[in-house]
Amino acid sequence: MLHSQLESCLRECVQDLLPDADLSQVILLPCRDTRFGDYQTSSLIALAKQRKLNPRQLASSVLEKLSLERLHIKAELAGPGFINFHILPQAITENIAAACQSETPFVRRAKVSQSVVLDFSSPNIAKPMHVGHIRSTVLGSCLARLHRLIGNNVISDNHIGDWGTQFGKLLLGWKNHLDKVALEKDPIGEMERLYKLVNAATEADETVLEEARAELVKLQSGDPENFGIWQQMVRLSQSQFDTLYSRLGVAFDYTLGESFYNDRLKGVVDDLVAKGIARESEGAYVVFFDDKPELAPHPAIVQKRDGAFNYASTDLATLEYRTQNWKPDQILYITDGRQQLHFKQIFTTFNRWKGNTHVKLVHVWFGTILGNDGKPFKTRSGEVIKLADLLNEAEERALSVVSEKNPDLPEETRRNIARVVGIGAVKYADLLPSRQSDYQFSWDKMLAFNGNTAPYLLYAYARIRSIFRKNQDEFSSSFKPESIEDKDLIFSTPQELSLAKHLFSFGITLEQVAEDSRPNILCNYLYDLAGLFASFYENCPVLKAIDSEKTSRLVLCHLTAKVLQMGLHTLGLETLEEM
RNA sequence: GCGCGAGUAGCUCAAUUGGAUAGAGCGUCAGCCUCCGAAGCUGAAGGUUAAGGGUUCGAUCCCCUUCUCGCGUACCA
């Protein structure tokens, strides 16, 4: 990989000159403004400053020591102490030819494979998955794919909400008001109806609430009848989840819900109390954070006054289980930003409880999806939007667009295109905004065929595939990328050069995404790639070119398609041969 | 009150975490189909990055003050 080779060279030079320098501070990045060069480092300015050296002088001594002939890169000193690097033509052909040999071109596998646990999606039993589950599910599965692609070891775990006080009301409703026909037809809808029914009744009548509590206590103490009903509710819900996950192309290695940790909760709290981490306060067991100013006003309850456990105790038990059984290097929790305080409490408590385990705990939080009015996205009547309805509408809208643009395609083909485009558009629209900000949901923007959208990227891919179909039909020539050598290649137009160089940055982009769990960086990279391809496509005829020019352009098409496909798959999108 | 976010072109959003002249899409205006998919491409106009101060070679980004909005803040997750 050109970038990492160059960065290593740079670091070696710095080490020779300043043996005690922290090399992780020496960073090489693709140039923002390509007029200056292809790669740039500004690290030497900072380094010189720390040591009270003249930045330009330091940069110039580094420059003298750098020998880049082997890499075919030209370097120059600029401004207050930048070094700009220009990729020479030989480096481009060599690296493009090398990429042709790879199954995953331009991707750099991790030197040391990390073990990463991802906690995402986490829907609740007996409730429909709704718009609020999109971001966690889409972002989480994207990160899982990303870590696998760059060579990490991934364990995804769906921590479903299958235990809690709501089951008292559900059980009461199930026993007294269950409509078996409705349950058959729409299990989640029926369970939701039961919950709402009983919930309303409890508000009107105190005794109903008592009955519900009694059912909950029976469930918790292992009453066979209630346990059996609960199992049914879990099974019915899980099958609905599975339907949605399959539409979304999402899979989990484990589904260990809250109930899995039931029999560990008491032990967790006992241990916390024994170690002096939690203590009794106002009847509850509570962890205080007096030594941490930001958390001092926010103690965490690990066992409620009525003796019940809550999500803090469950999350601690879960964390203990995961670290003991899976020994991960990192655990990523992909949830709503509103849980920031909760996870700060959990992480702090866990570190105090288990000492300094090496596991890195990260709360990957995200903002809210808003409607056109800038308020949380709801239906007109104020209801939460169900995920299934959202996906249906996305596919319907996509189908009507495809049918309008391409009426001659058979219906089955159009439906498949609509599926890929519709679901892809939902996912892409969710991953594109920087995750910590809220974003405004818009069908029109999402399914537009221009701008930074899924359809635009899928279109770029489909156009490339169309070139290869035509190449075979009309020219009956077969194209074998694996037999390409650098001497077969020549790139001369600015469009070819920009496109080729942008391909080189795929690997570093993936690493940046993994570093901060920010897929929008990948979205923007792919959008730029598609844009560069589009202008290459306008300016550089492929099939009409001859000899090495044609080969070179076919290679660029091939690698662009490959990178687009890898990138889109990482985001969770399928690709289409035609659309 | 405290904490976490957000405030960037008319609108919706970016900006490689301190880099050189802040970028896209929509909308507006002007061009490009006897040419591999026009679902595309090229160009123009549009900015005191909420306001003010500070740090330095350099600030949308870091620090301080102020304003506006969202979320969280002892027993729901």
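Letters A, B, ... mirror the listed sequences (proteins, then strands); counts begin at 1. Everything quoted here is computed from the prediction, not taken from an experiment.
Taking atom CG of A:N452 as the reference point, atom P of B:A15 lies 11 Å away to the nearest angstrom. Distance, A:L29 CG to B:A15 C1': 13 Å, rounded to whole Å.
Here B:G37 is the nucleotide among B:G37, B:G25, B:U12 with the atom lying nearest to any side-chain atom of A:A462. If you check B:C13, B:A20, B:G37 against the side chain of A:F82, the one that comes closest is B:A20. When the nucleotides B:A24, B:G58, B:A74 are ranked by their closest atom to the side chain of A:F288, B:A74 comes out on top. Checked against B:A20, B:A77, B:A15, the side chain of A:Y311 finds its nearest nucleotide in B:A77. The side chain of A:E538 approaches B:G40 more closely than any other nucleotide in the set B:A74, B:G40, B:G58. With B:U56, B:A20, B:C4 as the candidates, the nucleotide lying closest to the side chain of A:N84 is B:A20. With B:U42, B:C57, B:G37 as the candidates, the nucleotide lying closest to the side chain of A:R469 is B:G37. Comparing B:A14, B:A74, B:G25 by their nearest atom to the side chain of A:I301 picks out B:A74. Distance from the side chain of A:Q440 is smallest for B:C13 among the nucleotides B:C13, B:A77, B:G40. For A:S434, whose side chain is taken as the heavy atoms from C-beta onward, the closest listed nucleotide among B:A14, B:A20, B:G37 is B:A14.
In the interface, the side chain of A:S281 is paired with the base of B:A74 through a donor and an acceptor atom under 3.5 Å apart. The base of B:U73 has none of its N or O atoms less than 3.5 Å from a complementary donor or acceptor on the side chain of A:R338. Side chain A:Q40 to base B:A20: a donor-acceptor pair is found below 3.5 Å.
Using a 4.0 Å cut-off between charged nitrogen and carboxylate oxygen, A:R419 and A:E574 count as a salt-bridge pair. Ion pairing between a basic and an acidic side chain is recognised when a charged N comes within 4.0 Å of a carboxylate O; A:D270 and A:K266 show such pairing. Here A:K127 does not pair with A:E192 in a salt bridge; the nearest charged N to carboxylate O distance is not below 4.0 Å.
Shown here, B:U8 forms no base pair; nothing in the strands shown gives a Watson-Crick or G-U wobble contact with both key distances under 3.5 Å.
Of the N and O atoms on the side chains of A:T493 and A:E496, at least one donor lies less than 3.5 Å from an acceptor on the other residue.
One finds no side-chain N or O of A:T335 lying less than 4.0 angstrom from the OP1 or OP2 phosphate oxygen of B:A77. Put simply, A:R518 has a side-chain N or O that comes within less than 4.0 Å of OP1 or OP2 on B:A15. The phosphate of B:A15 has OP1 or OP2 within less than 4.0 Å of a side-chain N or O from A:N520. Applying the 4.0 Å criterion to OP1 and OP2 of B:G37, one finds that A:S466 has a side-chain N or O inside that range. The phosphate of B:G72 (OP1 or OP2) has no side-chain N or O of A:K344 nearer than 4.0 angstrom.
Judged by centroid separation below 5.5 Å and plane tilt below 30°, A:Y527 does not stack onto the base of B:A24.
Ring orientation note: the planes of A:F441 and A:W443 are nearly perpendicular, at an angle over 60° on the 30°/60° scale. Ring-plane geometry between A:F167 and A:W230 is classed as perpendicular, the angle between the planes exceeding 60 degrees on a 0 to 90 degree scale with a lower cut at 30.
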